[in-house]
Protein chains: 2
Amino acid sequence: MRIGELAQASGTPIETIRFYEREGLLPAAPRTEGNYRIYTPQHAERLGFIRQCRNLDMTLDEVRVLLRFKDQPLAACGEVNSLLDEHIGHVAERIRELRGLEKELRSLRAACLTPHVAADCGILNGIDQAGAHGAAQRKRRHVRGAH
Amino acid sequence: MRIGELAQASGTPIETIRFYEREGLLPAAPRTEGNYRIYTPQHAERLGFIRQCRNLDMTLDEVRVLLRFKDQPLAACGEVNSLLDEHIGHVAERIRELRGLEKELRSLRAACLTPHVAADCGILNGIDQAGAHGAAQRKRRHVRGAH
DNA sequence: GAAAACCCTGAAGTGAGTATAGAGTCAAGG
DNA sequence: CCTTGACTCTATACTCACTTCAGGGTTTTC
Ligand SMILES: [Zn+2]
Ligand SMILES: [Zn+2]
Ligand SMILES: [Zn+2]
Ligand SMILES: [Zn+2]
């Protein structure tokens, strides 16, 4: 199959497939005489695996580790288990943070129930004060935020 | 105060302060003879506001809107309220997604309780199948993920 | 007067793609 | 045979919110 067909079948944009090849997640596909990539069902399966991992919000580095095990079927899978445990931790921590955030945002929102003048807006003024009593600092994690 | 002192006082890296100036979130600071930026308490307050918004996981574009209202204290604050409502929606939606993700990851994890050979790993094989019965597709949002 | 600490600019890198531009390939219709 | 249109190719730039780096200049302190 050619790249467009694989894209269709897997629900992956063409550019993303080429990107995965550049990044070494997919092996370089063989080419036709006209320099078109051609894919086998094995390619499609591997791409499906990558996409499923991304749907589980893993980083490409995390995916790379799992692919290494797929490529070495005789290796012990202990590292797979611990990678998953860590990643579950990433997700759980992010949920905790976002819940705190949501609470803070809702109480901020309650400070301005009827619109008035910006200078007196309970939200705008509330954001100023929120910093005063020491809020949490943002950290860098890999499970994405809200936007 | 000079940039280092402002950085210290606000818990913001120096480079980030300069970045905010380039992006127009902070006004260009006046300079000393030696071309050093000098800041007033007003600058510090504005920076604190920006940082607080970032702690609430807003995008810089969302922050820009709020700053516009800070700069026009006589405007009606209705847009502030709706921006906050939308952003609360961003956060709430992301929490919902991550909860589903966590559940899926935990059930995947349960498929391999004792390590064995990669070819037989319930996790690696489970990821393959997860895609088969139609999992959720990732979307682009602004509240960051887990990593 | 020299070292240490501070500051400057401009450019490039991060992650995980997305979006162009400009060119080449291939099947079908006239 | 020629053209149209769908498909594909590479290379490059853009996204976001910074961070890091290279290569300098300034100020303070000993
Ligand atoms: Zn993770
Ligand atoms: Zn208000
Ligand atoms: Zn938002
Ligand atoms: Zn296993």
Side-chain angles (χ1 to χ4, degrees), chain A residues 1-26 28-39 47 50-65 67 87 90 94 137-147, chain B residues 1-26 28-39 47 50-65 67 87 90 94 137-147:
Chain A
M1 65 200 326
R2 297 196 307 196
I3 199 167
E5 204 182 333
L6 177 60
Q8 198 76 20
S10 66
T12 310
I14 290 177
E15 301 82 12
T16 302
I17 297 175
R18 290 196 280 245
F19 169 75
Y20 287 159
E21 180 179 318
R22 269 202 310 285
E23 290 295 302
L25 294 160
L26 288 174
R31 306 292 183 110
T32 67
E33 269 197 17
N35 200 32
Y36 286 12
R37 291 173 181 83
I38 35 175
Y39 293 99
L47 175 57
I50 297 170
R51 291 258 103 188
Q52 186 52 30
C53 289
R54 294 290 299 128
N55 278 341
L56 293 171
D57 237 332
M58 297 181 196
T59 63
L60 293 188
D61 274 347
E62 286 170 332
V63 179
R64 261 180 264 269
V65 172
L67 285 174
H87 182 60
H90 297 155
R94 188 66 178 134
Q137 296 279 94
R138 271 158 39 89
K139 284 169 233 154
R140 192 157 280 267
R141 323 151 203 82
H142 92 105
V143 175
R144 295 184 324 285
H147 295 117
Chain B
M1 64 200 331
R2 297 196 306 199
I3 199 168
E5 204 181 334
L6 177 60
Q8 198 77 21
S10 65
T12 311
I14 290 176
E15 301 82 13
T16 302
I17 298 175
R18 289 195 282 245
F19 168 76
Y20 287 159
E21 181 180 318
R22 269 203 310 285
E23 290 296 298
L25 294 160
L26 289 174
R31 306 292 183 110
T32 66
E33 271 195 15
N35 199 32
Y36 285 12
R37 290 172 179 83
I38 36 176
Y39 294 99
L47 175 58
I50 296 170
R51 295 262 73 183
Q52 186 53 28
C53 290
R54 294 289 298 128
N55 278 339
L56 294 171
D57 236 331
M58 297 182 195
T59 63
L60 292 187
D61 274 346
E62 286 170 333
V63 178
R64 261 181 265 269
V65 172
L67 285 173
H87 181 60
H90 298 156
R94 188 65 178 135
Q137 297 278 95
R138 272 158 41 89
K139 287 169 230 151
R140 191 159 280 265
R141 322 150 204 80
H142 91 104
V143 173
R144 295 185 322 286
H147 295 115

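Protein chains get the first letters and strands the later ones, always in sequence-line order, with residue 1 at the start of each.
Rounded to an integer number of Å, the gap from A/N55 CG to C/dA16 C1' is 14 Å. We find that CD of A/E33 is positioned 11 Å from P of C/dA27, with the value rounded to whole Å. Counting to the nearest Å, the C1' atom of C/dT20 and the CD atom of A/E15 are 10 Å from each other.
Of all nucleotides in DNA chain D, those with any atom nearer than 4.0 Å to a heavy atom of chain B start and finish, going 5' to 3', at D/dA17 to D/dT27.
Residue B/R64 is the one, among B/R64 and B/T32, whose nearest nucleotide of DNA chain D lies closer to the 5' end (criterion: closest heavy atom).
Of the inter-residue distances, the one linking B/E5 atom CD with B/S10 atom OG reads 11.0 Å to the nearest 0.5 angstrom. Distance check: A/N55 CG to A/I50 CD1 gives 12.0 Å after rounding to the nearest 0.5 Å. A/C53 SG to A/R64 CZ: the interatomic distance, rounded to the nearest 0.5 Å, is 12.0 Å. The distance from the OG1 atom of A/T12 to the CG atom of A/L47 is 4.0 Å, given to the nearest 0.5 Å.
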Discussion item. Across nucleotides 2-14 of chain C, 5' to 3', mark each nucleotide with B, S or - according to how protein heavy atoms within less than 4.0 Å reach it.
Written reply: ----BSSB-----
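For the salt bridge (Lys or Arg N to Asp or Glu O under 4.0 Å) test, no residue two or more places apart in sequence or in another chain qualifies with A/R54. Residues satisfying the side chain to side chain donor-acceptor pair (under 3.5 Å) criterion with B/R2, sequence neighbours excluded, are absent altogether. Take A/T59 and apply the side chain to side chain donor-acceptor pair (under 3.5 Å) test, not counting sequence neighbours, and it matches no residue. Under the ring-ring contact (aromatic ring centres under 6.0 Å, His included) criterion, A/Y36 pairs with no residue at all, not counting sequence neighbours.
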Pair up each side-chain donor or acceptor in residues 14-26 of chain A with any protein partner under 3.5 Å, not counting sequence neighbours, and list the distances.
residue: A/Y20; atom: OH; partner: A/R51; partner atom: NH2; Å: 2.9
residue: A/E21; atom: OE1; partner: A/R37; partner atom: NE; Å: 2.9

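Rounded to 10 degrees, the angle between the two end axes of the helix from C/dG1-D/dC30 to C/dG30-D/dC1 is 30°, with five pairs used at each end.
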Worksheet entry | Steps toward side-chain contact (heavy atoms from CB on, under 4.5 Å) verdict (B/V65, B/E62) | CA-CA 5 Å; B/V65 172; B/E62 286 170 333; 5.9 Å; no
